[in-house]
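Note that the coordinates shown come from a computational prediction; the quantities given were computed from them, not determined experimentally.
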Amino acid sequence: MEDRVHPRVDSPPVTGNATDDQRPGPPKYAAGGDKPVPSFAPKPQPQPGTYVIQVPKDQIYRVPPPANAHKYRNAARRKNRGCCGCCCCLTYVISVLSVLVVILGIFAAVFYLTVRPKSPKYSVDSISVTGLNLSSSALSLSPEFDVTVRAENPNRGIGIYYGKKSSVAVSHSDIQLCTGTLPSFYQGTKNVTIFTTALKGSAVRLSDTVHDALISQQRKGQIPLKLNLKVPVKLKVWGINSWSVDVKVDCDVTVNKLAKDSRVLSKDCDVDVNPWWW
């Protein structure tokens, strides 16, 4: 009777014609042990009824653990309340500013229609000159000018206070001949005030060019002069005094001679006053 060889239970099945390289070799044992060591680590197999889904790392969203879920909800709720509070506050501020702008616009319109503000008018009525002898050989001159100014307030609801720290100057060819100040007074509505101010110069030196030009102009009977006036004023509207505003007046004046009895031939005054309603 022939002996039959039975394969081992734990040996892998051999299919087809296996070569020497493909035939399983003898099992390897760990040092000092009697258990065979697997040639490779087997991959874990998913449990029946489950799926394995692979998600890219940059698309993984953090989800708080159940223990901290209530903290996350409270923080989100506070954030939403804060955003709502800021929006409500901003809306309130915009509404208040809009109402103020409308009120100021209505007040300005009522004021303009009621008062009808107009800029004051100024002119030079006369100029009297002494101490400016062009035939003298003196190196320096001390001229004196008496300037009569006409101020008109055409407004029916605005009074004008002329304050201190004013200045008046008369010049020729950019050379200042004399300086002075204006008197302080109050000018009522629809009023015309004429006042004279005394101006004085000291140690005025004329260049040869300016000296010769003055002599030539005096012979012709036409001497151009420049008058610059600056005065702080306050306006009285409905019994309320405004803030101080500087009024600047630049006048081009032509006289027939530089003498005490000189006569004004022409005058052109430019007024610069800039409160918000003019």
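Using modelled atom types, one side-chain atom of Gln187 and one backbone atom of Ala151 make a donor-acceptor pair closer than 3.5 Å. A donor-acceptor distance shorter than 3.5 angstrom exists from the side chain of Asn155 to the backbone of Lys118, with no hydrogens or angles considered. Side-chain N or O atoms of Thr197 include one that pairs as donor or acceptor with a backbone N or O of Thr181 at under 3.5 Å. A donor-acceptor pair is defined here as one N or O able to donate and one able to accept, closer than 3.5 Å; such a pair exists between the side chain of Ser166 and the backbone of Leu182.
Applying the ring pair (Phe, Tyr, Trp, His ring centres under 6.0 Å) test to Tyr122 and every residue at least two apart in sequence or in another chain returns nothing. Partners of Thr148 under the side chain to side chain donor-acceptor pair (under 3.5 Å) rule, at least two apart in sequence or in another chain, are Ser126, Thr196.
Sorted by first and then second residue, the side-chain hydrogen bond (donor to acceptor under 3.5 Å, both in side chains) pairs involving residues 207-219 (not counting sequence neighbours) are His172-Gln217. Residue pairs meeting the side-chain hydrogen bond (donor to acceptor under 3.5 Å, both in side chains) criterion with at least one member in residues 252-263, sequence neighbours excluded, are Lys226-Asp252, Thr254-Ser266, Lys257-Asp261.
Looking only at side-chain heavy atoms (C-beta outward), Ile127 and Val253 come within less than 4.5 Å of each other. In this structure the side chain of Val124 reaches within 4.5 angstrom of the side chain of Val147, judged on heavy atoms. Side-chain contact check for Ser140 versus Val204: every heavy-atom pair is 4.5 Å or farther apart.
The CG atom of Leu214 sits 7.0 Å away from the CG atom of Leu132 when rounded to the nearest 0.5 Å. Separating the NZ atom in Lys236 from the OG1 atom in Thr189 is a distance of 10.0 Å, to the nearest 0.5 Å. Of the inter-residue distances, the one linking Leu229 atom CG with Asp272 atom CG reads 12.0 Å to the nearest 0.5 angstrom. For the atom pair Lys190 NZ and Glu152 CD, the distance stands at 8.5 Å (nearest 0.5 Å). Taken from NZ in Lys267 to SG in Cys269, the straight-line distance is 8.0 Å, to the nearest 0.5 Å. Note: Leu225 CG to Cys178 SG = 9.0 Å, rounded to the nearest 0.5 Å.
Trp238 and Ile158 fall within a single hydrophobic cluster, where Ile, Leu, Val, Met, Phe, Trp and Tyr side chains are chained together by heavy-atom contacts under 4.5 Å. Both Ile175 and Val168 belong to a common hydrophobic cluster when Ile, Leu, Val, Met, Phe, Trp and Tyr are linked at side-chain heavy-atom distances under 4.5 angstrom. Linking Ile, Leu, Val, Met, Phe, Trp and Tyr whenever their side-chain heavy atoms come within less than 4.5 Å puts Trp243 and Leu235 in one cluster. Residue Val249 is not grouped with residue Ile194 when hydrophobic side chains (ILVMFWY) are merged at heavy-atom distances under 4.5 angstrom, including chains of intermediate members. Hydrophobic cluster membership is shared by Phe195 and Val233, with clusters built from Ile, Leu, Val, Met, Phe, Trp and Tyr side chains linked at under 4.5 angstrom.
Leu265 shares a hydrophobic cluster with no other residue; no ILVMFWY side chain has heavy atoms under 4.5 Å from its own. Cluster note: Tyr161 groups with Tyr186 through ILVMFWY side-chain heavy atoms spaced under 4.5 Å, whether in direct contact or through intervening members.
For Lys230, the NZ atom sits in a loose shell: 12 or fewer heavy atoms of surrounding residues, nucleotides or ligands are nearer than 6.0 Å.
Of all heavy-atom pairs between Ala169 and Gln176, the closest is CB-OE1, 3.8 Å. Contact record, Ser142 with Ser202: OG-CA, 4.1 Å, taken as the closest heavy-atom pair. Contact record, Leu141 with Gly131: CB-O, 4.3 Å, taken as the closest heavy-atom pair. Nearest heavy atom pair, residue Pro120 against residue Ile160, reads CB-CD1, 4.2 Å.
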TODO: Could you walk me through whether Val192 and Arg150 pass the side-chain contact (heavy atoms from CB on, under 4.5 Å) test, one step at a time?
DONE: CA-CA 7 Å; Val192 175; Arg150 174 188 173 93; 3.6 Å; yes
TODO: Check the pair Leu206 / Leu177 against side-chain contact (heavy atoms from CB on, under 4.5 Å), numbers first and verdict last.
DONE: CA-CA 9 Å; Leu206 302 177; Leu177 301 177; 4.2 Å; yes
Open item on the list: Pair Val149, Asp125 - check side-chain contact (heavy atoms from CB on, under 4.5 Å), show working.
Closed with: CA-CA 6 Å; Val149 179; Asp125 281 358; over 6 Å; no
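Asp250 and Asn228 are linked by a side-chain donor-acceptor pair at a separation below 3.5 angstrom, with hydrogens and angles left out of the test.
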